[in-house]
Amino acid sequence: MPELAEVEFYRKQWQCGWRQKILAVELHPHARLLRGADTKALRRTLTGAVLLSSEAHGKQMFFRFSRNGWLGLHLGMTGKLRAEPPGHAAGQHDHLVLRQRRQSLVFTDPRQFGRVRFHAGDTTPPWRANLPAPILSNQFTRSAMERFLRRHGRMALKAVLLMQDGFPGVGNWMADEILWRAGIHPARPSARVEATEAKKLFREVRFVCREALRTVGADFGDPPAAWLFHRRWRHGGVCPRDGSALLRAQIGGRTTCWCGSCQK
DNA sequence: TACAATGTTTTAAG
DNA sequence: CCTTAAAACATTGT
């Protein structure tokens with residue numbers, strides 16, 4: 001489920017716990033989403049620690065604690081963060097629960113494609129270093145984007161937009177939305193994007209990220225009514241721009257939706 | 001039933 | 001070492 005804006009929304013669900021102590025940590029040590037994490041150290045360090053702040057980067061979230069503790073969370077396909085009352089009984093898929101006096105912070109994920117990472121130490125966690133330029137930052141430039149497209153020039157543009165090293169936070173629906181706005185066919189090899197199109201693509205990548213954050217990211221609201229988003233899964237969905245039937249196929253390993261007349 | 005689901009990671013081939 | 005494509009991961013809903 002979660003892409004850039006949904007991740008930002010879920011990150012904020014734990015903000016009510018900032019500057020408050022973790023009284024207890026509940027987790028299933030063998031849960032798949034804890035793979036590779038030192039769960040003993042996680043429990044030892046975070047029990048009694050204070051949740052200080054958090055940040056989102058693409059689809060990743062970083063939570064900072066006192067005692068130099070860090071959690072890195074990824075929601076995978078079905079992960080969610082939410083705050084529940086202090087006495088909340090953990091459900092079957094509530095794999096990590098941080099108990100605080102006033103609420104319980106819950107990470108739930110039925111499919112367990114998500115991930116929990118833990119790090120303690122003076123230095124920033126290795127998984128928080130060397131991150132790609134955020135799309136809405138000044139470091140995300142058109143020339144850097146074009147370099148990335150050329151580097152993966154034989155891949156379908158749809159598949160390249162899904163690569164987190166180049167477009168952190170973009171997922172399946174955002175990629176389709178971007179390509180629909182830019183008027184480019186999702187299967188077009190990246191190297192065959194012309195200069196004018198690249199300029200348009202760059203603008204639309206940033207626009208979709210900004211608007212998604214403003215709508216979905218703020219309160220899990222709907223994206224603007226005229227977006228492809230609202231038609232893409234509907235049987236018999238039509239292009240919001242010209243009314244022609246939307247097409248669907250596997251491109252870049254994912255179900256892709258596009259308008260055959262707007263996107264060439 | 002069988003298939004597909006807003007995502008990575010691993011594996012294998014070129 | 002680099003790029004690309006496909007399978008694997010686990011669960012739920014249609």
Side-chain angles (χ1 to χ4, degrees), chain A residues 1-11 13 28 30-37 56-61 72-81 91-96 107-117 126-127 131-132 135 147-181 186-192 205 208-209 211-213 215-217 219-224 227-237 246-258:
Chain A
M1 181 180 215
E3 303 181 21
L4 183 80
E6 290 92 347
V7 169
E8 174 60 8
F9 171 81
Y10 285 123
R11 181 190 68 82
Q13 303 312 296
H28 309 285
H30 300 301
R32 180 185 147 80
L33 48 63
L34 288 158
R35 59 195 179 281
H57 189 286
K59 295 176 188 171
Q60 311 212 63
M61 292 173 289
L73 304 187
H74 193 292
L75 299 172
M77 197 83 101
T78 51
K80 287 177 166 62
L81 300 189
Q92 190 188 352
H93 301 302
D94 295 341
H95 299 293
L96 174 69
F107 180 9
T108 191
D109 182 10
R111 282 173 81 177
Q112 299 194 64
F113 288 178
R115 185 156 198 179
V116 176
R117 291 176 155 112
W127 31 263
L131 300 169
I135 290 174
R147 215 174 313 131
F148 192 79
L149 296 191
R150 260 179 274 119
R151 185 170 166 197
H152 302 285
R154 305 211 312 257
M155 286 174 73
L157 190 49
K158 166 66 183 272
V160 175
L161 281 169
L162 291 175
M163 296 178 75
Q164 299 301 293
D165 278 355
F167 299 92
V170 172
N172 204 28
W173 79 256
M174 291 180 80
D176 284 357
E177 197 74 43
I178 290 161
L179 290 168
W180 175 71
R181 299 189 65 89
R188 176 108 64 96
S190 296
R192 293 195 35 236
V205 167
V208 168
C209 287
E211 287 298 291
L213 280 172
T215 55
V216 182
D219 55 358
F220 224 97
D222 278 343
W227 280 23
L228 182 67
F229 178 90
H230 301 283
R231 330 266 183 129
R232 56 185 315 245
W233 294 124
R234 286 240 287 273
H235 208 62
L246 293 171
L247 305 174
R248 236 179 270 169
Q250 286 277 120
I251 297 175
R254 308 296 300 280
T255 299
T256 298
C257 175
W258 75 99

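Sequence lines set the chain letters: A, B, ... in the order given, protein chains first and strands last, and positions in each chain run from 1.
- The ring-ring contact (aromatic ring centres under 6.0 Å, His included) test applied to W180(A) returns no partner, not counting sequence neighbours.
- W258(A) places a side-chain heavy atom less than 4.5 Å from the side chain of I251(A).
- Residues L161(A) and V205(A) are in side-chain contact: their nearest non-hydrogen atoms beyond the backbone lie under 4.5 Å apart.
- For T78(A) and dT6(B), the shortest distance from a side-chain N or O to OP1 or OP2 is not below 4.0 Å.
- The CD atom of E211(A) lies 10.5 Å from the CE atom of M174(A); values are rounded to the nearest 0.5 Å.
- For the pair M77(A) CE and dT6(B) P, the computed distance is 6 Å after rounding to whole Å.
- The aromatic rings of W173(A) and W227(A) lie tilted to each other, with the angle between the two planes from 30° to 60°.
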Check nucleotides 10-13 of chain B against the protein and report each pair of N or O atoms closer than 3.5 Å, with its distance, or say if there are none.
none

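- Heavy-atom distances under 4.0 Å link DNA chain B to R111(A), F113(A), R115(A) of residues 108-116 of chain A, given in residue order.
- Of the two residues contacting DNA chain B, namely Q250(A) and Q164(A), the nearest-nucleotide position lying further toward the 5' end is that of Q250(A).
- The distance between atom CZ of R232(A) and atom P of dA4(B), rounded to the nearest whole Å, is 15 Å.
- Put simply, chain A comes within 4.0 Å of DNA chain C, heavy atom to any atom, from dT3(C) to dT12(C), going 5' to 3'.
- In secondary-structure terms, DNA chain B builds stems of at least 3 consecutive Watson-Crick or G-U pairs, each pair having both distances under 3.5 Å, at B:2-5 with C:11-14, B:7-14 with C:2-9.
- Residue K80(A) is tested with L75(A), T108(A), D109(A) for a side chain to side chain contact (heavy atoms under 4.5 Å, CB included); the sole match is T108(A).
- dT6(B) and dT4(C) are spaced 24 Å apart, taking the C1' atom of each and rounding to whole Å.
- Here R154(A) lies in heavy-atom contact (under 4.0 Å) with sugar-phosphate atoms only.
- Distance D165(A) CG to dG7(B) P: 16 Å, rounded to the nearest Å.
- Note on G58(A): nothing from the nucleic acid sits closer than 4.0 angstrom, heavy atoms only.
- The shortest side-chain heavy-atom distance between F107(A) and M61(A) does not fall under the 4.5 Å cut-off.
- Atom C1' of nucleotide dA5(B) and atom CG of L75(A) are separated by 16 Å, given to the nearest angstrom.
- Rounded to whole Å, the P atom of dG13(C) lies 22 Å from the corresponding atom of dT8(B).
- There is no side-chain donor-acceptor pair under 3.5 Å between T256(A) and Q250(A).
- Distance SG/C209(A) to CG/L4(A): 5.0 Å, rounded to 0.5 Å.
- Atom CZ of R154(A) sits in a sparse spot, with 12 or fewer heavy atoms from other residues, nucleotides or ligands closer than 6.0 Å.
- Taking atom CZ of R254(A) as the reference point, atom C1' of dA4(B) lies 11 Å away to the nearest angstrom.
- Using modelled atom types, no side-chain atom of R254(A) and backbone atom of N172(A) make a donor-acceptor pair closer than 3.5 Å.
- Within the structure, the salt bridge (Lys or Arg N to Asp or Glu O under 4.0 Å) test picks out the following pairs touching residues 164-176 of chain A (sequence neighbours left out): K158(A)-D176(A), D176(A)-R232(A).
- L162(A) places its CG atom 8 Å from the P atom of dT8(B), with the value rounded to the nearest Å.
- Proximity of a side-chain donor or acceptor of Q164(A) to a complementary backbone N or O of G169(A) within less than 3.5 Å is detected.
- H74(A) places its NE2 atom 4 Å from the P atom of dT8(B), with the value rounded to the nearest Å.
- Atom-to-atom, CG of D176(A) to P of dT6(B) comes out at 9 Å; the value is rounded to the nearest Å.
- Between F167(A) and I135(A), some side-chain heavy-atom pair lies under the 4.5 Å cut-off.
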